[in-house]
Amino acid sequence: MSNIIKAQKGTKDILPNDIEQWQNLELKALEIFTRAGFSEIRTPIFEATELFARGVGDTTDIVNKEMYTFEKSERSLTLRPENTAGVVRAYIENGMHRLASPVKLWYKGPMFRYERPQAGRQRQFHQVGAEMFGIKEPTADAEIILLAVDYLKALGLNDLDVEINSLGCSDCREGFKTALRVVLKPELDIMCPDCQARYEKNPLRILDCKVEVCRRILEKQEVQNVIVSDYICGDCQKHFDELKKYLDALNIKYKRNKLLVRGLDYYNRTVFEIKSNNLGSQNAVCGGGRYDSLVKNLGGEDTPAVGWAMGMERLNSLLEKIESKKMNAYVVSNFSVEALKLVEELRNLGISCDFDMTNKKFGKQLEKASKNADFAFILGEDEIKNSTISVKNLKTSEQKNLSKDEAFKFVKSMKKT
RNA sequence: GUGGCUGUGGUGAAGCGGUUAACACGUGCGACUGUGACUCGCAUAUGCGAGGGUUCGAUACCCUCCAGCCACCCCA
C-alpha cells in the first residue's frame with residue numbers, strides 16, 4: 001500500500017457509494033435551471049493564463065497564488081480556478097451577444113486551485129454556476145439570486161443565510177477607496193503585512209481581514225463612519241434598493257453585510273454569498289454578483305452580467321447521504337442461456353436486474369438476490385419445463401409461480417412503484 | 001506557505017517494550033444436493049505510513065521524511 005500511486009493532494013475519487021449524491025445535484029440542477037430558461041454550456045477545463053489574469057484580476061489570491069499554470073509550446077495555460085471568465089470568453093468568442101437578450105447559461109464541472117486542503121476545500125473541486133448576460137436592471141440580480149435559492153430549496157436546503165451588499169460602480173468605488181485610504185493612513189504601520197499591501201492595491205479587501213490588529217482598527221469609530229456611510233452613488237443606490245424590494249417581494253430573507261466585498265476583481269454593484277453554519281470554517285456555499293465590465297474588459301461588446309457559483313462538495317456535505325437503491329430484480333437460475341435471455345427481456349421492459357455469472361449454487365444465488373434486489377425471478381428446471389417464472393418478493397418471502405405473460409404484466413406494475 | 005492533531009486489515013478499531021496483532025463488520029467457502037435474510041463452522045494483516053536510531057527484543061520509545069485531517073490566509 002505504501003508504494004502505490006495515490007490520488008494527488010487535495011483531489012478525491014468520487015466512488016460508487018457517493019455517486020447518487022452527485023447525480024442528484026446534477027439532475028436537480030438540470031431541472032431547476034432548465035425551467036428557468038438557462039441552457040447548459042461546457043467550456044474547456046484549461047484556458048490561456050491571461051484570461052484569468054485579466055478576467056479574475058491579478059490582485060486576487062486566486063490569480064496570485066492559487067493557479068495551476070503550465071507551459072506548453074510556449075503558451076502559458078492554466079487549469080480553470082473558476083468558470084465565469086471561461087464562460088465570458090465563450091460568450092464573446094461565439095458572438096453570443098447577437099442572441100436574444102438575456103443569454104442565460106449554467107455549467108457544472110471541476111475547478112482547480114492550488115491551496116492547502118482542509119474541510120470544504122480541495123485542489124480539485126466542483127462547482128455549479130449560472131451566468132446571465134445582457135440585463136442591467138436589478139430584476140436580473142433578483143432573478144439570479146432567486147435561481148440560487150430555488151435550487152437550494154429543491155435540494156432541501158431552506159435555512160441558509162443570504163448576505164448581500166453593493167460595491168457600487170467603479171466611480172463610487174474609487175470614492176470609497178480614497179475615503180478608506182484617508183481614514184486608514186494613520187494605522188498603516190500597525191496593520192498586518194497583507195493589509196499594508198492591500199492598502200494601495202485594493203483597500204476594500206482590508207474590510208475582509210481577520211487579523212486581530214486589523215479587526216480592531218476596523219472597529220474604530222472614525223473607520224466605522226466611513227464603512228457605514230454609503231459611498232455608492234444615486235444610481236447604484238437605486239439599483240440596490242430595487243433589488244432589495246424584489247427580494248422582499250419574493251420573500252427571500254437576506255442580511256446586508258457591508259463587509260462583504262468578495263475576492264474577485266470583476267464585481268460591481270450587487271455581490272452576495274449564501275452561507276451555512278454547518279460547514280466549519282469554509283462556510284460559503286454560494287458566491288456571486290454583478291460584473292458589468294468584464295465582457296468589455298475581455299474584448300467583447302459592453303454587456304452587463306450577473307452570476308454565481310456553488311461548491312458542490314459543500315452542498316453535498318450539507319445533504320443527507322442518499323441510500324443507494326436495490327435493483328428491481330435478480331434472476332436466479334442455473335441455466336445460463338435462459339437466465340441471460342430473461343435478464344435482457346426484463347431490462348428491455350425498463351426494470352433494473354442482474355444475475356449470477358458464475359453459476360453458483362441455488363442458495364448462494366438467492367442470497368445474492370436478497371442482498372441486491374427487491375424480487376427474485378427464479379428460473380429452474382420446473383419453470384423452464386412449464387414455461388413459467390417463479391417471482392419471489394424478497395421482503396415478504398411471498399412467492400408466485402407465474403406464466404411468462406403474467407410475470408411480465410407484473411413487471412409493468414413493478415415499474416410504477 | 002505557517003501551525004496543531006493523527007497514521008495498525010477491505011472497513012471500524014484494541015494493543016502502548018516480549019501477544020499466535022484482540023474484537024466487530026464486510027467478503028469468500030461450507031453446514032443446506034431448488035429457496036435467501038437467522039444460526040453455526042472455516043478462511044481472510046509474514047505485518048502495524050516509510051527510513052533510520054535506542055534496546056537482548058520494538059506496532060509501541062527517539063529522530064527524519066511522507067501522507068491524511070483540521071486551522072490560519074482566502075474562498076466554493
Side-chain angles (χ1 to χ4, degrees), chain A residues 1-12 15 17 56 59-66 80-84 108-129 148 192-195 197-198 205 208-212 214 260-264 271 273-276 279-288 308-318 326 330 332-335 356 358 360-385 390-399 401:
Chain A
M1 279 305 279
S2 54
N3 63 343
I4 61 165
I5 298 169
K6 301 206 196 87
Q8 293 303 290
K9 187 195 281 284
T11 69
K12 278 201 167 77
L15 299 171
N17 200 247
V56 179
T59 68
T60 62
D61 281 358
I62 289 178
V63 170
N64 276 325
K65 50 180 205 190
E66 296 172 6
R80 62 185 188 193
E82 55 98 57
N83 206 28
T84 299
K108 63 171 197 287
M111 307 294 157
F112 305 84
R113 302 222 298 219
Y114 189 84
E115 299 176 275
R116 270 300 253 286
Q118 67 182 79
R121 172 184 288 152
Q122 291 169 218
R123 290 183 173 180
Q124 176 175 169
F125 61 104
H126 298 78
Q127 289 185 331
V128 253
C192 75
D194 281 343
C195 284
R198 288 170 184 147
R205 301 274 307 284
D208 256 352
C209 190
K210 270 128 196 150
V211 178
E212 188 59 30
C214 304
L260 182 64
V261 291
R262 315 257 327 130
L264 312 175
V271 290
E273 280 185 6
I274 301 178
K275 296 177 180 173
S276 162
L279 279 176
S281 186
Q282 310 307 326
N283 62 356
V285 177
C286 174
W308 51 253
M310 293 194 198
M312 296 176 80
E313 280 80 2
R314 292 183 188 178
L315 287 175
N316 268 333
S317 65
L318 289 174
K326 288 185 172 179
Y330 196 94
V332 173
S333 175
N334 289 107
F335 299 87
D356 173 59
T358 56
K360 282 195 187 46
K361 288 198 300 195
F362 193 85
K364 283 287 168 203
Q365 291 197 27
L366 208 56
E367 194 181 322
K368 281 237 171 218
S370 74
K371 251 173 228 165
N372 300 325
D374 296 325
F375 289 88
F377 279 55
I378 299 166
L379 257 192
E381 220 167 325
D382 298 345
E383 284 85 357
I384 289 176
K385 204 187 296 165
S390 292
V391 177
K392 178 166 192 170
N393 183 323
L394 292 161
K395 271 183 221 127
T396 63
S397 292
E398 192 185 346
Q399 181 169 331
N401 188 250

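All values reported here derive from a predicted model rather than from experimental measurement. The sequence lines fix the lettering, A, B, ..., with proteins before strands; numbering per chain opens at 1.
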Would you please test A/Ile378 and A/Glu383 for side chain to side chain contact (heavy atoms under 4.5 Å, CB included) and show each step?
-> CA-CA 8 Å; A/Ile378 299 166; A/Glu383 284 85 357; 4.0 Å; yes
Paired with B/rU59: which nucleotide, if any, by Watson-Crick or G-U wobble criteria at under 3.5 Å for both distances?
-> none
When you match A/Lys12 and A/Lys65 each to their closest nucleotide on RNA chain B, which lands nearer the 5' end?
-> A/Lys12
Taking only residues two or more places apart in sequence, or in another chain, which ones meet A/Lys326 in a side-chain hydrogen bond (donor to acceptor under 3.5 Å, both in side chains)?
-> none
Out of B/rA76, B/rC72, B/rG28, minimum distance to the side chain of A/Gln127 belongs to B/rA76
Provide, to the nearest angstrom, the distance between the CD atom belonging to A/Glu82 and the P atom belonging to B/rC74.
-> 18 Å
Counting heavy atoms from C-beta on, name the nucleotide in B/rG36, B/rG30, B/rC75 closest to the side chain of A/Ala284.
-> B/rC75
Answer yes or no: is there an ion pair linking A/Lys371 with A/Glu367, defined by an N-O contact shorter than 4.0 Å?
-> yes
Evaluation steps, side chain to side chain contact (heavy atoms under 4.5 Å, CB included), between A/Tyr330 and A/Lys368 = CA-CA 8 Å; A/Tyr330 196 94; A/Lys368 281 237 171 218; 3.7 Å; yes
Starting at CD of A/Glu367 and ending at P of B/rG36, how long is that distance when rounded to a whole Å?
-> 9 Å
Taking only residues two or more places apart in sequence or in another chain, which ones pass side chain to side chain contact (heavy atoms under 4.5 Å, CB included) with A/Ser276?
-> A/Leu160, A/Asn278, A/Leu279, A/Val285, A/Leu318
Is there a donor and acceptor pair closer than 3.5 Å between the side chain of A/Glu383 and the base of B/rG34?
-> yes
Report the distance from atom CZ of A/Phe362 to atom P of B/rU35, rounded to the nearest whole Å.
-> 7 Å
Counting Watson-Crick and G-U wobble pairs only, both distances under 3.5 Å, name the nucleotide matched with B/rG7, or none.
-> B/rC66
B/rG52 and B/rG47: how far apart are their P atoms, nearest whole angstrom?
-> 15 Å
hbond_proxy A/Lys392 side chain to B/rU35 base (donor-acceptor, 3.5 Å cutoff) = yes
Toward the 5' end of RNA chain B, which comes first, A/Ser281 or A/Met310, by nearest nucleotide?
-> A/Ser281
Could you tell me the separation between the CD atom of A/Gln282 and the C1' atom of B/rC69, rounded to a whole number of Å?
-> 14 Å
B/rA71 base to A/Arg116 side chain: any donor-acceptor pair below 3.5 Å?
-> no
Do A/Asp374 and A/Lys395 meet the salt-bridge criterion of a basic N to acidic O distance under 4.0 Å?
-> yes
Return the nucleotide paired to B/rG36: Watson-Crick means purine N1 to pyrimidine N3 with N6-O4 or O6-N4, wobble means G-U with N1-O2 and O6-N3, both under 3.5 Å.
-> none
What do you reckon, is OH of A/Tyr114 surrounded by more than 12 foreign heavy atoms closer than 6.0 Å?
-> no
d(NZ, A/Lys361; C1', B/rC29) in whole Å | 9 Å
Which of B/rC75, B/rA71, B/rG28 is nearest the side chain of A/Lys371? It is B/rG28
Atom CG of A/Leu318 to atom C1' of B/rA76: distance rounded to whole Å?
-> 12 Å
Against the side chain of A/Glu115, the closest entry in B/rU35, B/rC70, B/rA76 is B/rA76
Go through the side-chain N and O atoms of A/Gln124 and A/Thr11 and say whether any donor and acceptor fall under 3.5 Å apart.
-> no
Of the nucleotides B/rU35, B/rC72, B/rG34, which one has an atom closest to the side chain of A/Asp382?
-> B/rG34
When the distance from NZ of A/Lys360 to C1' of B/rG36 is rounded to whole Å, what number comes out?
-> 14 Å
What is the pairing partner of B/rU2, taking Watson-Crick or G-U wobble pairs with both distances under 3.5 Å in any strand?
-> B/rA71
Could you list, one pair per line, each protein nitrogen or oxygen that sits under 3.5 Å from a nitrogen or oxygen of nucleotides 6-8 of chain B, together with the distance?
none

Paired nucleotide for B/rA13 [Watson-Crick or G-U wobble; both distances under 3.5 Å] | none
What's the CZ-C1' distance between A/Arg314 and B/rC75, to the nearest Å?
-> 6 Å
B/rC72 phosphate, OP1 or OP2, under 4.0 Å from A/Gln118 side-chain N/O | yes
Distance between P atoms of B/rU59 and B/rC16 (Å, rounded) = 14 Å
Pair of N/O donor and acceptor under 3.5 Å linking B/rG36 base with A/Ser397 side chain | yes
Determine which nucleotide pairs with B/rU19, using a 3.5 Å limit on both distances of a Watson-Crick or G-U wobble pair.
-> none
Pairing partner (Watson-Crick or G-U wobble, both distances under 3.5 angstrom) of B/rU46 | none
